[in-house]
Each structure stands twice: as structure tokens, then as C-alpha cells.
Amino acid sequence: MKILRTPDSQFENLPDYGFEPTYTTITDDDGTEVRIHSVDVGPRGADPILLIHANPTWSYLYRHMIPILAHSGRRVVAVDLVGCGRSDKPARRKDFTLVRHKQWMSKWLLVNDLHKITLFAHDWGVTFGLDLVAKYPERFERVAISNSTIPTATKSQQNKVLRQWLRVMKFAIGFPWKWAFRSQFRGEKQLSEDLYQAYRAPFPSRRYEAGIVKFPQLITIYPDHPELASNVESWELLGKFDKPVITLFGDKDPISRGFDKELQDHIPGCRGQDHKTLRGVRHFSPEEVPEEFANYLLSFISAS
């Protein structure tokens, strides 16, 4: 497997992102070494808060949440998925599969030996984060979920927006940044040019975009998807997870509308929790309301 690595110069002087990089090297099942980046701040002995991001974002999504959470005295770890951020980027789209992503994250978690984790996950971070919870429930104390789920090909998940997204990206040669990302921020929440370019920093050319272009084809909303069984297995295991789980969803997100109710009905830990619907918030919620999310998360930790 050929690996690309974004030059460090791409990450210099990004707005509000002065975190020192931390790297973990895992070995893929084919023998390739893959370097995974994370922001890792706070006392190493403190209970960790694990943040997992969306597509096409990276740990930059959490730059405002990290200091607030770290101020509480906890360790805060924001990982970059393989193919994103400062993590290594396999060069070919066929190198990215749903199962492989899950294996990469499992290996990363076990190498770092995290326990007593509070998980905050958004978008694809939900699929991979909840897979970790399903596989290693003893390592997690509580979970907060924003604007996504584990797709299991239910009728409610086959919404118009997701179907269109899969069609558009099936033959894409690059990621449609303006249409699929920048246009999601409107009015007072529009991204400045500096912030927009910061999100694009890990991808200096289309050569580096194989992972973020492939992500849509890994969404298992149709019953004939070849990797659906992996998500079904994770979903079934989550039906036994009884530690606290909350949902924090934006009400203006057309992608994930209704997913919060499915989660609440399925996961025992969701019952009796203070779930939130954030008014006027679209899909990339941690970018829009980071302070609110950080404070909700800290209150959730204190209450559970």
C-alpha cells in the first residue's frame, strides 16, 4: 500500500491551531506502517475525552472545544482518521474500505491503551467511534453523538440528501469543497477564507484526497452494500451498551434528521438522558457551536 504524507509546511500558522502533533504508528494487515496523528493535551493520567471528526474535516474541527475541555483537568485527544488531517493518506481509493478504517482505529486505540473514555463523535466519527464502543465497551464511560449514526440500510437512512451524495461522489475525481463543505456555512456562520483554507490544508492536491473522496461509497444505506454486515454487527452490540449516551443534533441538518431518535430507541444508555436539539445548527455542528458543545459535554460528564 502506497502512503502519502502531507508536508508539515501545510500546517504552519493555521488560525487557532497551535497544538503540537502526536503520532502513533500502527501496522496494517498487509504489513504497511501507517502513522496516525492526534492532538493530545492535558495530564496523561487523567480520564480522556476522545474527539473523532467528520468528512472532509480533521482535528481542526475541534480547535475551539479542545481548550475548554482541557481546562477541566481532563486529557483531551482529537484523532485524525487515516486519510485526513496530519494522518497518513493511502494513495489509492481501493485502499480505503469500511472494515479497514475500523481496523485502523481499533489498532490506534489499543496501542494508546485508553480507558475510562468519554467519546464525542461527529459524522463519520460516529460510525467509527461507536464501532469502538461496541467492540471495547469496557474502555468507555460515556458517549456523546452529533449528527450521524451507524448506517444499517434502514428506510429512514435512505434520505434524498444521502442518495444524492452517493450518486454525485461515485465518479468524482476530487472532493467538491465549495458545494459539499463551504456552502454548509451560511449567514453569520460563514467560513472566512482563512478558515476554509485551513480545513483544506491537509490536501495540497487531489493526490491526497483519495480517502475523503471514497468515504461516501462506504456509507451502508443500501442493503446490497458489500460491507453492511460490519455495521449491522456493531449496531447489534450497541443494543447492549447501558452506560450514559446523549445525542446532540442540529435541527437544520438534512443529512442526519431522525437519526437521533433511532439511536435513542436502540441504545439502552440513551434512556433518561438530557438529549439536545440545537436550533439553527446545520451538519458541521462542532464548527458552528463549539462552546455550547464543550459545555454540554462537561455537564454530561459531571452528571454521569
Side-chain angles (χ1 to χ4, degrees), residues 1-2 4 6 52-58 60-61 80-85 87-102 104-105 121-131 146-186 191 196-197 199-231 250 252-259 282-287:
M1 181 166 57
K2 181 181 178 180
L4 302 178
T6 304
I52 310 182
H53 64 84
N55 182 40
T57 70
W58 51 296
Y60 192 76
L61 180 70
D80 288 341
L81 297 172
V82 175
C84 303
S87 290
D88 280 350
K89 298 170 182 65
R92 300 174 302 178
R93 294 187 201 181
K94 69 179 184 179
D95 291 328
F96 293 91
T97 68
L98 182 67
V99 170
R100 211 171 199 176
H101 267 293
K102 291 180 178 183
W104 288 330
M105 288 307 301
H122 173 254
D123 187 82
W124 270 105
V126 176
T127 299
F128 299 136
L130 290 184
D131 179 71
S146 180
N147 289 18
S148 193
T149 188
I150 293 183
T152 54
T154 63
K155 288 291 185 181
S156 61
Q157 293 168 355
Q158 296 168 18
N159 64 56
K160 180 180 179 181
V161 176
L162 276 177
R163 295 199 310 269
Q164 180 185 27
W165 180 227
L166 267 62
R167 286 196 300 270
V168 168
M169 293 303 293
K170 186 173 183 179
F171 301 107
I173 60 173
F175 193 85
W177 282 95
K178 290 184 179 179
W179 170 68
F181 181 67
R182 194 170 193 177
S183 68
Q184 302 303 305
F185 302 93
R186 302 177 183 178
L191 287 183
Y196 177 56
Q197 294 303 328
Y199 273 111
R200 298 193 63 173
F203 313 102
S205 72
R206 286 179 177 172
R207 293 178 60 234
Y208 294 82
E209 293 186 349
I212 62 174
V213 172
K214 183 65 177 290
F215 264 129
Q217 301 310 309
L218 305 182
I219 303 174
T220 56
I221 61 170
Y222 294 122
D224 60 348
H225 195 287
E227 294 188 287
L228 175 61
S230 173
N231 274 352
K252 296 297 184 182
D253 180 12
I255 297 171
S256 64
R257 189 171 293 121
F259 293 176
R282 297 180 63 82
H283 183 66
F284 292 98
S285 45
E287 175 63 40

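Owing to the predicted nature of the structure, the values given are computational and were not obtained by experimental measurement. One is the number of the first residue; the rest follow in order along the sequence.
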Quiz item: Is any side-chain heavy atom of D131 closer than 4.5 Å to a side-chain heavy atom of M105?
Solution: no
Self-check item: Y196 ring center within less than 6.0 Å of F185 ring center
Solution: no
Practice problem: Assert yes or no for the condition that the ring centre distance of F175 to F203 is strictly below 6.0 Å. | Solution: no
Quick check: does any side chain N or O of [X] sit under 3.5 Å from a backbone N or O of [Y], one acting as donor and the other as acceptor?
| X | Y | answer |
| --- | --- | --- |
| K178 | P176 | no |
| T127 | T149 | yes |
| H122 | N147 | no |
| S230 | V99 | no |
| D253 | I255 | yes |

Within this structure, what is the [atom1]-[atom2] distance for the pair [X] and [Y], rounded to the nearest 0.5 Å?
| X | Y | atom1 | atom2 | result |
| --- | --- | --- | --- | --- |
| L81 | F128 | CG | CZ | 6.0 Å |
| W58 | D80 | CH2 | CG | 6.5 Å |
| R182 | R200 | CZ | CZ | 9.5 Å |
| L228 | L98 | CG | CG | 9.5 Å |
| L4 | S205 | CG | OG | 8.0 Å |
| T57 | E287 | OG1 | CD | 9.0 Å |

Looking at every non-hydrogen atom in both residues, tell me the closest pair between [X] and [Y] and how far apart they are.
| X | Y | value |
| --- | --- | --- |
| R257 | K252 | NH2-C, 4.4 Å |
| Y199 | L191 | CD1-CD1, 4.3 Å |
| A54 | D123 | CB-CB, 3.2 Å |
| P204 | P202 | CD-O, 3.2 Å |
| A210 | A91 | CB-O, 3.7 Å |
| R207 | K2 | NH2-NZ, 4.3 Å |

Quiz item: What do the steps show when you test F259 against V126 for side-chain contact (heavy atoms from CB on, under 4.5 Å), and what is the final call?
Solution: CA-CA 11 Å; F259 293 176; V126 176; over 6 Å; no
Exercise. Pick out which of V161, L162, N159 makes a side chain to side chain contact (heavy atoms under 4.5 Å, CB included) with P254.
Key: V161
Quiz prompt | Whether W104 and H101 hold their rings parallel, tilted or perpendicular, with breakpoints at 30° and 60° | solution = perpendicular
List the atom pairs, donor and acceptor, that lie under 3.5 Å between side-chain atoms in residues 211-221 and the rest of the protein, sequence neighbours left out.
{"residue": "K214", "atom": "NZ", "partner": "R93", "partner atom": "O", "Å": "3.0"}
{"residue": "K214", "atom": "NZ", "partner": "F96", "partner atom": "O", "Å": "2.8"}
{"residue": "Q217", "atom": "NE2", "partner": "L166", "partner atom": "O", "Å": "3.3"}
{"residue": "T220", "atom": "OG1", "partner": "P151", "partner atom": "O", "Å": "2.7"}
{"residue": "T220", "atom": "OG1", "partner": "N231", "partner atom": "ND2", "Å": "2.8"}

Quiz prompt | Under 3.5 Å side-chain donor-acceptor pair for T154 and T152 | solution = no
